[in-house]
Amino acid sequence: MSTLFINGKEYEYTDEPNLLEVIRKAGIDVPTFCYSPELKPFGSCRMCVVEVEYPNGRVVVNSSCTMPPEPNVKVSTNTARVRRIRKTVLELLLANHDRECTTCDKSGQCDLQRYAEEYGIKEIKYAKLTEEDMKAIDDWNPSLKRDPNKCILCGACVRACQEFQGHAVLGFANRGSKTVVQPMNGKLLAEVDCVFCGQCQAVCPTGALTVKSNVEDAWDAVNDKSKKTVVQIAPSVRVAIGEMFGLKPGENTIGKIYAALRKIGFDLIFDTNFSADLTITEEATEFVERLTKGGLLPMFTSCCPAWVRYMETQHPDMLGHLSTCKSPQGMLSPVIKELLPKYHEGYTKENITVVSIMPCTAKKYEARRSQLRRDGKFETDIVMTTKELGRMIKEAGIDFKNLEPEHADSPFGEYTGAGTIFGASGGVAEAAARTAYYYVTGENIADADIKQMRGVDKSTRSKSVELDIKGTKVVVRVVSTLKEAEKAIQEIKNGTANFQLLEVMACPGGCVNGGGQPASCKDAKIKEERAEGLYTEDRELPIRRSHENPDIIRLYKEDLEKPGSHKAHELLHTTYSDMYTGSYKDLK
Amino acid sequence: MTATSQTSVDFSKIDEVLKSYEYKKSNLIAILQKIQEIYRYLPLDAMTYVGTKIEGLSPATVYGVATFYAQFSLDPKGKYEIKLCDGTACHVRGSMPVLDAVRAKLNLPVGKSTTDDGMFSLETVSCLGACGLAPVVVINGDVYPKMTADAVKVALDSIIKQEKEA
């Protein structure tokens, strides 16, 4: 352990990867645009510059994100010199920036806006951008909006795409003042192999990459008296949305969310956790069948729409490995539209609008898949992210923090601990293992906690867990990020894969860290606290195995016969299509 | 920057290039140079192909490298590549009237770099290291020293005549 001085005070440091981390650990904030603790330091924005005096008297000014901490150096984070540099950086960035802040999607959450305010930038001596300088905005996909006029070229999105998903669809192009960040040859995101995970948007410090908003659509549906609005909430939303209202990451606010949604005016409130349980009964059945009847293995989970799109665009020859189960969002919507009219008066297939609240930007894309249409209409009508729901609650003037918790509605509101852990990497596999064990042996697994599958931090993006189902050995591989998923695929291709089940979540750590969640990229701990929130709920729920969910048992008894039945297949399973053929990469 | 008119690409040729450079990411610039030698520019399909075939690269990254370096062209170059020097020495000795003369002669307004018949392409370069011969024009490697507006027209005329006879 060594020590160094920050602003005159001595601090200890150990294995921090760079000086910036040491400074932040000391409780001192240094501004950054391009830095994200999960990504390789890039040193492009120059906001984190500090003055460093070495023991030999040499003084340098350098970006702290790219400097290793060294013993006995004296670091000053707030001298006139570094403040002047940061101010100049801000002025130059703003000179090339579309400064229409009030109408910007990132307004209020924008780092550029925040630092300009903190550093007192009141005047910019450079000319404003004119109409002719403006570049075209890409919002030709259901999930993301790219506005190059707001880009400060920090490259965080490029690194996120490369380092998390392994195939940078975004890249720098051109040079000098003409530099832009864009997909190849300025194509639309929808034209390249973007999986819409939204991690680029999560790390973007400005409004250059944002989530496409469906808040107005949701309001329209709520206000339309001829429509019945039915809403579903995904597992990881409950442990993140509170952060927008001053609550701690990981605090389970599901009761408050139900209450807020009722206040907004949704007619019925169900929980995607219920359909996560449904996904498990179907997926575990499918897995056991493949395992015992010689089906194609390893089986891949199919809950993550970014992963599904990755398979369709990159490995169309391996689509047979994907479970045919729809995602929990994809399952609940048709169940609501087809079966709800039986349970609630005044509801018909035609007048129901299903709104889902997801931690995910790719879910917006998933809802528009042609396979998820029924009677010429989309099964899920409107998808909003956690962030959008937070905004809707604020717009409605609801005091979220002090809401009295309420309950979800019947008949699709009950859920088990297995459903709730779907939001963290490893959760789907753990939930599936609990139920698969029961399906194979007829008894419950002794310990519902399969802790080896858990963990959402950077070091646990790939986990291999061996399960012993009364003599049958099953190896489960759990990965988050598509870069890790690709490694697993390569193992299958070259014959070294030893696993039978592959769980993939495209976002690092899973849905708790999804692209639609409130910003969690600046502090790697946030996603861990959210995951802990889910595992705590799992522990505290009376039922922790999907197949014991009373609503699920009734659903099968009254409507779907049994898991894997013809009726279940009709509503709950889907198909995939080869999206490589004919794509821009299909060159011969 | 976006590229437009494209020729069709023979991917077996690109495969040969990639193979000779062992499909290595670190050889990207050499690979692109080789491809430009074949097509006289970098066709989009070729860049996409390279970005897909080499591990650790993507089409967007390859495109980024191609647009970073001035040596790479995203538009088809002419059979005759005209490099007109506009370095300091050439500039003060009157390279601009020469440039205007070439543009007028070949009907290449500002922003257009290749003639419609694909015969000539024009680019200005910063210095050719032949300042004693300023202003200098290089056409397909042949140096044309101490150019004037009239002299460059004569040079171009002789190439056009030669092409017509061939």
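Only heavy atoms go into these numbers, but all of them, side chains included; no hydrogens, no water, no symmetry mates. In what follows, chains carry the letters A, B, and so on, assigned in the order in which the sequence lines appear, proteins first and then strands, with residues in each chain numbered from 1.
- The parts of B:A70 that come within reach of chain A are both its backbone and its side chain, each placing non-hydrogen atoms under 4.5 angstrom from that chain.
- Within a 6.0 Å radius of CD in B:E55, other residues, nucleotides and ligands contribute 12 heavy atoms or fewer.
- Around atom NZ of B:K24, no more than 12 heavy atoms belonging to other residues, nucleotides or ligands sit under 6.0 Å away.
- With values rounded to the nearest 0.5 angstrom, A:N185 atom CG is found 8.0 Å from B:T48 atom OG1.
- Heavy-atom contacts from other residues, nucleotides or ligands closer than 6.0 Å to CZ of A:R368 number more than 12.
- Using a 4.5 Å cut-off between heavy atoms, B:T52 contacts chain A through its side chain alone, with no backbone atom that close.
- How far CG of B:D45 is from OH of A:Y584: 11.0 Å, rounded to the nearest 0.5 Å.
- A:P183 has its side chain out of reach of B:Y63: every pair of non-hydrogen atoms, C-beta onward, lies at least 4.5 Å apart.
- Screening residues 106-126 of chain B for salt bridge (charged side-chain N to carboxylate O under 4.0 Å, His left out), with sequence neighbours left out, gives B:K77-B:E123, B:K112-B:D116.
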Quiz item: Yes or no on side-chain contact (heavy atoms from CB on, under 4.5 Å) for A:M184 and B:L44, after CA distance, side-chain angles and deciding distance?
Solution: CA-CA 9 Å; A:M184 195 226 184; B:L44 278 181; 3.9 Å; yes
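- Contact annotation: the side chain of A:L587 never approaches that of B:V9 to less than 4.5 Å [non-hydrogen atoms, C-beta and beyond].
- A:R175 places none of its side-chain heavy atoms less than 4.5 Å from the side chain of B:T67.
- Residues of residues 152-169 of chain A lying under 4.5 angstrom from chain B, judged on non-hydrogen atoms, are A:Q162, A:H167, A:A168, A:V169 by number.
- Heavy-atom neighbours of A:K40 NZ from other residues, nucleotides or ligands within 6.0 Å: at or below the threshold of 12.
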Quiz item: What do the steps show when you test A:N174 against B:F68 for side-chain contact (heavy atoms from CB on, under 4.5 Å), and what is the final call?
Solution: CA-CA 5 Å; A:N174 309 331; B:F68 184 87; over 6 Å; no
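- With chain A as partner, the option from B:P59, B:G51, B:S58 having the largest number of non-hydrogen pairs under 4.5 angstrom is B:P59.
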